[in-house]
Every structure is written in structure tokens, then in C-alpha cells.
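Both counts, for ligands and for their atoms, begin at 1 and track the order of listing. For the numbers below, each heavy atom of this structure counts, side chains included, while hydrogens, waters and symmetry mates do not. Start at 1 with the first residue, then count along the sequence.
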Amino acid sequence: MKFGGTSVGDLDRIERVARHVRAQVAEGKKICVTVSAMAGETNRLVDLTRRAGGGDVSRTPDYDAVVSTGEQVTAGLLALVLQREGLKARSWQGWQVGLRTDATHGAAVIEGIDSERLGGSLDAGEIAVVSGFQGVAPGGRISTLGRGGSDTTAVALAAALDAARCDIYTDVDGVYTTDPRIVPGARRLDQISFEEMLEMASLGAKVLQTRSVGLAMNHGVPIRVLSSLEEPRADAPCTLIVDEEAIMERRVVSAVVPSRAEAKISLLGVPNTPGKSAMIFAGLAGAKVNIDMIVQSQARAGESANVSFTLKEADLARALAHLAEVKDQVGYTDVLADQNVSKVSIIGVGMNDHTGIAAKMFETLAERGINIQNISTSEIKISVLIPAEYTELAVRALHDAFGLGAVRSEMAGAVS
Ligand code: ADP
Ligand code: ASP
Ligand code: MG
């Protein structure tokens, strides 16, 4: 069971979390819980590290020493509440459960979990309450798993303990057709495939950290997403994340995902000779900048080309600094940066055997006068880059156009 920041936001909420845990224990299950920091706490800690370190220090061991503390507090508090209610429980930190990571501080990748001690404690009838988000890097320093990383802690623990299921409790009662905070008519999906969830997460839906979904897919861990804000009940609404074959309903588009945290860089006057793209993008990869949509304009032989690409807003400063360094080597004439863009994507496993989805998406946006700057596609998603001020309009329009607010059986025929 994993409880996110809002779910453990204060002691009253932690008491409700304890009731959720108790309900599962009452069913005779052995329970491993992992918790996030209280809502807002990690942001507060990140801000303190910026002020103390004089800028972005998120790749350093001492950043992790600071930002991992929020989860230590909530794990201890939940264990205390459970004990007060007469249950056997103890708190664990990442290093104590043997959650080993690589040395990428601030965004560490889990390498393995030495779960014998934890398993022994569960077998002895103790509820384990593990601090999410944190592990131990080679050499023994505390590491953290990137923002939203408690989801990944939960799935990794479920896989290591061979758990029957991983329940992600949050402040919504499942995965919706789009962010319910943007479109009030968004609907909860009863089921969604790992593939779709992976796309949704990586395209910016906050509800699960991308890595947690990949890990669950690789280890076959079934995930349920459900609300901690309701009192526990056996028939609580939820979303099951399952293999594609297990999904009962066929739908073409399952979800619309907005992401505002995007930026666009355009390089003008790039010499049109072999090796320039390699030079640009290898350098950016070396600077740990993830690149998304790439567009290169057509150029006649001998003429220069324009290359534009998108990236996370948070990486913009690093990318621009790198590009300034290699300006002469690459030979481009100008660089433009635009933070006023957002990416809106539609996702659905049904897309690969239906035609007309892209056309319908573009028409829908054109009808609203929304200009598309970049496009990228995969088998199960289409993303467009648009001016940021149109994000909500685009999301609502696409949600309507693909019938996501309507009953699903009606929309199966809506696009052929
Ligand atoms: P937690 O603190 O529990 O980890 P998060 O804030 O990380 O919770 O994720 C839950 C939030 O994700 C919801 O409050 C919701 O606003 C947002 N969200 C974005 N897209 C979706 C979606 N398609 N379905 C459900 N929630 C979504
Ligand atoms: N507390 C961490 C964060 O805010 C991890 C998490 O909530 O999953 O990113
Ligand atoms: Mg989260």
C-alpha cells in the first residue's frame, strides 16, 4: 500500500491511512506500506537546498540528505499511530530495507532490494512502514528516486516481496480520461493497460511516476489506483492497471494528457551537412537533457536548415548553456527559446488499428483556432505542441471530440 503526500498531509489523514491499513490486515494480509512526505514538504525542502546551495543542487548527495527527510517523518508517524491502535508496526528507511540505487543523486535508479530482513519482519506479523522516495547509493550515501518516486518505491517493494498487488492510494479515486482538475467531466477508467499508463505517465500525467509503471510492467505487478480520502470499503472505486489482453472494453482513445512543463528550442542556420544533428543531440544527451519532439526543416543542398526540438522546461537553462558552448563547432547562426508552449497528447492502444485519429485531432484543434507547432507520434499516442494559453481549451475539446466524457460503448463507433 502506498500513500501519497495529500494522503499523509496531517495527523488526521494519517489516522485515516491507519484505518485503510487496518482494513487490509483484518482480511488476513501481510502488509508493507510505503509513504510520501506530507503534501508540500518536499517542495519546501527542495527550496531550502536551492537557497543553501546557491542554485540547483539536485544532483548532489547533500540534496538527497535533505529532501529524503520528509518521508522519514511520515513513516515514523504512521508506525506510531498504528502502534497506538494496538497493531504491530515499525518504520523503515530506504537503506534499512536494503533498497540499493545507482549514484545518480536526485534521480537515482533502483538496482535491487535486499528484502530478507523486511520479509522476516512481515512473516513475524509486523506491518512494515517504509519511507518512500529514498534508497542508498554505492558508498552508503542516501539517494532519492526523482520527484514522485514513492510510487516507484511501492512497486519495487511489491516486486521484491512478490506481493499479490500494489495499491497506490492518492487524492483521486483512480486514473481518469484526463486530469479531473482540468476537466470536471473526466471519467474514471475501470481498467487501463500498462502500455497506456506508461505513455500517460511519461507524457506528464502526474498520477504515477513513469518508472513505477515500467517496473510494474516488467515484473508483472498488478496496480490498483484508489483514493485514501474516503473511508475504507471493500467495493471502493479504483482503476486497475493490467495487461492489454485483460481489458474488456475496446476503445480507440483512452485519455488526453496535458503537459505545461515544456519548452522549445530552435536552432537557425544549421549547416546542412552530415553529422550536425548527431553533434547537437549527442552533446545534449551528455548534458543529461532529454529531448522530445524534433523537427528539422527541409533545406536545398548547400542551404542551411532550422532544427527545433522540445525538452522539459526544467532542463532549458542547462540545454542553452551547452548549446552556447558548441555554437562555433555546430555552426548555427541563432538560437531561440520558448517556454510559452505546452504539449497535449491523446493516448489509446486502439489507435494502431484505426485510421483518421490524427486527422480528427488536428481538425478539432483547427476548429478552435489552435496552431500546432510540432507533432510527434508513437503507435499508441499523438502529441502536439501548442501555445501554452490554449492548453485547457485543447484538452477539453479533444476530450469531447473523442467521446471520453460519454459512455464508452457509444464512442467505440465514433471513430472508424
Ligand atoms: P500523490 O501525492 O498521491 O502521489 P500526485 O499529486 O502525485 O498524488 O498524483 C495525483 C494527481 O494526479 C491528482 O490529484 C490529479 O490532479 C493528477 N492527475 C493528472 N492526470 C490525471 C489522470 N489522468 N487521472 C487521475 N489523476 C490525474
Ligand atoms: N515526496 C516526493 C515528492 O514530492 C516523492 C513522492 O511524493 O512520491 O516528489
Ligand atoms: Mg505522486
Practice prompt. Mark the output for Gly70 as yes if a heavy-atom distance to ligand 2 is under 4.0 Å, and as no if none is.
Written response: no

Practice prompt. For atom 5 (C) of ligand 2, state which one of Met38, Glu71, Lys2, Gln134 supplies the nearest heavy atom.
Written response: Glu71

Item to complete: Among all protein heavy atoms, pick the one closest to atom 21 (C) of ligand 1 and tell me residue, atom and distance.
Response: Asp179 CA, 3.8 Å

Item to complete: Examine the side chains of Glu230 and Ser227 and answer whether a donor and an acceptor come within less than 3.5 Å of each other.
Response: no

Worksheet item: Among all protein non-hydrogen atoms, which one is nearest to atom 1 (P) of ligand 1, and what is the separation to 0.1 Å?
Response: Thr170 OG1, 3.6 Å

Practice prompt. Check the side chains of Ser254 and Glu196 for a donor-acceptor pair under 3.5 angstrom, ignoring hydrogens and angles.
Written response: yes

Discussion item. Could you identify the single nearest non-hydrogen protein atom to atom 7 (O) of ligand 2 and state the distance to 0.1 Å?
Written reply: Ser36 OG, 3.0 Å

Practice prompt. Establish, from distance only, whether the side-chain atoms of His399 and Thr177 form a donor-acceptor pair under 3.5 Å.
Written response: yes

Worksheet item: Which residue supplies the protein heavy atom nearest to atom 5 (P) of ligand 1, what is that atom called, and how far is it?
Response: Lys206 CE, 4.0 Å

Discussion item. Between Ser131 and Gln72, do the side chains contain a donor N or O and an acceptor N or O under 3.5 Å apart?
Written reply: no

Practice prompt. Would you please determine whether Gly174 falls within less than 4.0 Å of ligand 1 on a heavy-atom basis?
Written response: yes

Worksheet item: Any non-hydrogen atom of Arg188 lying under 4.0 Å from ligand 1?
Response: no

Worksheet item: Charged N to carboxylate O below 4.0 Å: is that the case for Arg44 and Asp47?
Response: no

Item to complete: Tell me which one of Asp171, Leu203, Val225 gets a heavy atom nearest to atom 11 (C) of ligand 1.
Response: Asp171

Fill in: ligand 2 contacted by Gly149 (non-hydrogen, < 4.0 Å)
yes

Worksheet item: Which residue and non-hydrogen atom of the protein lie closest to atom 9 (O) of ligand 1, and at what distance in Å?
Response: Val207 CA, 3.5 Å

Practice prompt. For Arg147, counting its heavy atoms only, list the atoms of ligand 2 lying under 4.0 Å from any of them.
Written response: 3 (C), 4 (O), 9 (O)

Item to complete: Decide whether Asn340 and Arg260 meet the rule of one side-chain donor and one side-chain acceptor closer than 3.5 Å.
Response: no

Worksheet item: Counting heavy atoms only, which part of Lys2 comes closer than 4.0 Å to ligand 1: side chain, backbone, both or neither?
Response: side chain

Practice prompt. Classify the side-chain pair Gln209/Thr152 by whether it contains a donor and acceptor separated by less than 3.5 Å.
Written response: yes

Worksheet entry | Aromatic ring pairing Phe309/Phe281, orientation class (parallel under 30°, perpendicular over 60°, tilted between) | perpendicular

Worksheet item: Counting N and O atoms only, with roles assigned by atom type, does the side chain of Arg368 sit under 3.5 Å from a partner on the main chain of Ala394, one being a donor and the other an acceptor?
Response: no

Worksheet item: Identify the closest protein heavy atom to atom 16 (O) of ligand 1: which residue and atom is it, and at what distance?
Response: Arg181 NE, 2.8 Å

Worksheet item: Between Glu15 and Arg84, does a salt bridge (Lys or Arg N to Asp or Glu O under 4.0 Å) hold up when you go through it step by step?
Response: CA-CA 10 Å; Glu15 301 214 352; Arg84 194 187 75 211; 3.0 Å; yes

Worksheet item: For ligand 1, which atoms, with element, lie under 4.0 Å from some heavy atom of Val175?
Response: 24 (N)

Fill in: Taking atom 23 (N) of ligand 1 as the reference point, the nearest protein heavy atom with its distance
Tyr176 O, 3.0 Å

Practice prompt. Measure Thr178 to ligand 1 on non-hydrogen atoms and call it side chain, backbone, both or neither using the 4.0 Å cut-off.
Written response: backbone

Worksheet entry | Sub-4.0 Å atoms of ligand 2 with respect to non-hydrogen atoms of Gly148 | 3 (C), 5 (C), 6 (C), 8 (O), 9 (O)

Practice prompt. Please test Asn43 against Arg147 for side-chain contact (heavy atoms from CB on, under 4.5 Å), starting from the C-alpha separation and ending with a verdict.
Written response: CA-CA 10 Å; Asn43 286 346; Arg147 298 307 305 269; 3.0 Å; yes

Fill in: Numbered atoms and elements of ligand 1 in range of Met200, under 4.0 angstrom, heavy atoms
23 (N)

Fill in: Identity and separation of the nearest protein heavy atom to atom 2 (O) of ligand 1
Gly5 N, 3.1 Å

Item to complete: Determine, stepwise, if the pair Val57 / Arg50 fulfils side-chain contact (heavy atoms from CB on, under 4.5 Å).
Response: CA-CA 6 Å; Val57 289; Arg50 283 210 183 101; 5.9 Å; no

